[in-house]
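In what follows, a structure is listed as structure tokens, so that the remarks can point back to it.
Naming: A, B, ... by sequence-line order, numbering from 1 per chain.
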Protein chains: 2
Amino acid sequence: MDNAVIPSVRAFNRFVAERIGAVSDTFLGRDRPYGESRILWEVGSDGTDIRELRTRLGLDSGYASRVLQSLERQGLVIVKPAAEDGRVRRVRLTGKGRAERATLDRRADAVAWKFLEPLTEEQRTRLVAAMADVHRLLTSSMVSIEAESPSTADARWCIDQYFQELNRRFDQGFDPALSIPADAHELVPPRGALLIARLRGSPVGCGAVKFHGRAPAELKRMWVSPDVRGLGVGRRLLVALERAAREAGARVVRLETNRTLKEAIHLYRTSGYREVGRFNDEPYAHHWFEKRLTAPQRPSRGSRPGRRSSRSTPTAPSARASRSSPPRARPAPGPRQRAPRT
Amino acid sequence: MDNAVIPSVRAFNRFVAERIGAVSDTFLGRDRPYGESRILWEVGSDGTDIRELRTRLGLDSGYASRVLQSLERQGLVIVKPAAEDGRVRRVRLTGKGRAERATLDRRADAVAWKFLEPLTEEQRTRLVAAMADVHRLLTSSMVSIEAESPSTADARWCIDQYFQELNRRFDQGFDPALSIPADAHELVPPRGALLIARLRGSPVGCGAVKFHGRAPAELKRMWVSPDVRGLGVGRRLLVALERAAREAGARVVRLETNRTLKEAIHLYRTSGYREVGRFNDEPYAHHWFEKRLTAPQRPSRGSRPGRRSSRSTPTAPSARASRSSPPRARPAPGPRQRAPRT
DNA sequence: ATAATTCTCTGACCAGAGTCAGAGAATGGA
DNA sequence: TCCATTCTCTGACTCTGGTCAGAGAATTAT
């Protein structure tokens, strides 16, 4: 399978890097270096602290300073010390800067339109749908899941979000004090674990497990940020929690949940959980589930990439001359291979 | 509709440029500048003329020369004059160069695998399918269609391909001499027109029309390269030919075709052509079609892009903090806007 | 009050990726 | 045969997009 999948991902990367790259070079009308446009854009209509701008874009302070000076010289931004802290400086767009930014925006629209214009209505719809799919799935593949102490700021933020969501969704609201607790000290090895899912460094989900030796482990605190729902993050958290439970000696995991949490219930059912009788007195629960864990299997999710793939492997159609090349002035076009941009 | 479509294309472009770009920088293990790797790759295992390499990559001769010298100094390639023409020089990979190229290949595989690894089997399948779709549709949008003299090398190449294909596919083969002719002089205004479809400069399809005043115009020489079939090129050629016929005064277009050309027949039927009785004595034809052209309507294919789209418009999920931001060390992450990479 | 830290700026420097103008060898056309 | 053309190389420059080491002003910690 990899023999087919990896090359097609590569072909896509190559193609898209070429196509989007070529076009986006053009789009910046070459009247301003890319770095300047980027910073101009990132300043945003409300202005920012330079400090924040720098960390957001990962810029060197000297570099940022100089680019901003250049923008200021062009009358596009104003830099002045922040009121609260004399060390940090604030950038704001001038009217001219705002206009310039709008121009960039319009040009970006025009570029997007160039992709769409030649297509029929139906093709456009399919293109947009496919783009959204690729976007979603690649985003999904950027989510990492790792154990973390429940006392970190991110962990506490996630759990707080979880509580807030329960409070919004449960018919009677949610008060953590009335629920079976899963305190910080219970979610650290060897008593338990807390997993945090992150996307680009920001927490986007969590899940916890309490170990009870060989007795069933308990799953707790499953939460996925609304921003990334539908990306399979919940399922991956679940799998990771089960693995942790298995490694801690559990043969069975169980959990309880509230009837309003439809997606969660669906996730459990489709992940091999079966509903069982009430096994604790969690007042907010309507359903109790458990799952027997299978032997410590190798995580079966497709093999590693093959030794090597063939050297040039287009998936989608291309202008590659397959039978005979079209005529051409001296320097023949021939079959084009593109650099391994990925 | 554009209000939804353009921003989502932009979001995709931005995302993909960021993601692929970030990754492909990494992949070149930073031990060799990108330009060198690219040329190393493009030399290919069989070697190339420098001249061809240059035109293929659009390189300045001085630049190419220096990069190749650097590669030669590293023992990765050998440059020597071509046998046939003492002016041109040929590059070939050495064993070491070949090994290096294989390393690039392997790294590219590993990068692709990074995208795939975190996904479930089902997600991978969907990702690959969506990528192929995007690839196909963007390729399709790169195809341009323009009128061209039938005497250009490209035009003659297309028509030759067309004849070859007919000869392969017709049960009795195909001999142009026995068929109703459409000679070069008939396919230039005001007697007719020849349209050529191109992808990245190379011809990938053609279609011709002969005008007969207000009498029905005749469509001829419809051919689409196998490389780009399924991309809607045929339909676009057809539309363009009909427009040309309309503009030349025709109210009706007609054409004849052979029963072995299934896709063509399907295209005609789904494009408003209806089968009519034999109207000429083309010996290779089994079907005769005609279509009444509608009034010179505005090419109705969706409106132009809106004045301007909103300033930051993600379509697919992102880590954007939607309700409250996750906690963060001093320099807050805040809602990230990315530069308008397109 | 003093020291440590944070933020920004300046100056110096660098590499990558080109561009441009010749110049010199081969080759092709008249 | 000779002139124009084609290909490649050299040398001299350029622009982006950085990095690095201080230095100076504000702020925070002790």
**Request:** Let me have a per-nucleotide readout for nucleotides 17-27 of chain C, 5' to 3', with B, S or -, counting only protein heavy atoms under 4.0 Å.
**Result:** SBBB-----BS

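Of the side-chain N and O atoms in Gln69(A), none sit less than 4.0 angstrom from OP1 or OP2 of dT8(C). Using a 4.0 Å cut-off, no side-chain N or O of Arg89(B) falls inside it from OP1 or OP2 of dC7(D).
Side chains of Glu100(B) and Gln74(B): no donor on one and acceptor on the other come within 3.5 Å.
Residues passing the side chain to side chain contact (heavy atoms under 4.5 Å, CB included) test with Thr48(B), sequence neighbours excluded: Val43(B), Glu52(B), Leu53(B), Arg56(B).
In this structure, the CG atom of Leu57(A) is 13 Å from the P atom of dG17(D), given to the nearest Å. Between Leu53(B) atom CG and dC9(D) atom P the separation is 11 Å, expressed in whole Å. For Asp49(A) and dC9(C), the CG to P distance is 12 Å, given to the nearest whole Å. One can place CG of Leu71(B) at 16 Å from P of dT8(D), the figure rounded to the nearest angstrom. The interatomic distance linking Leu68(B) (CG) with dT10(D) (P) rounds to 12 Å, in whole Å. Nucleotide dT5(D) holds its C1' atom 13 Å from the CZ atom of Arg51(B), rounded to whole Å.
A heavy-atom distance below 4.5 Å is not found between the side chains of Arg66(A) and Leu71(A).
In this structure a side-chain-to-backbone donor-acceptor pair under 3.5 Å is present from Arg98(B) to Leu93(B).
Using cut-offs of 30° and 60° on the angle between ring planes, the pair Phe12(A) and Phe12(B) is perpendicular.
Annotation: the span from Lys114(B) atom NZ to Leu138(A) atom CG amounts to 14.0 Å, rounded to 0.5 Å.
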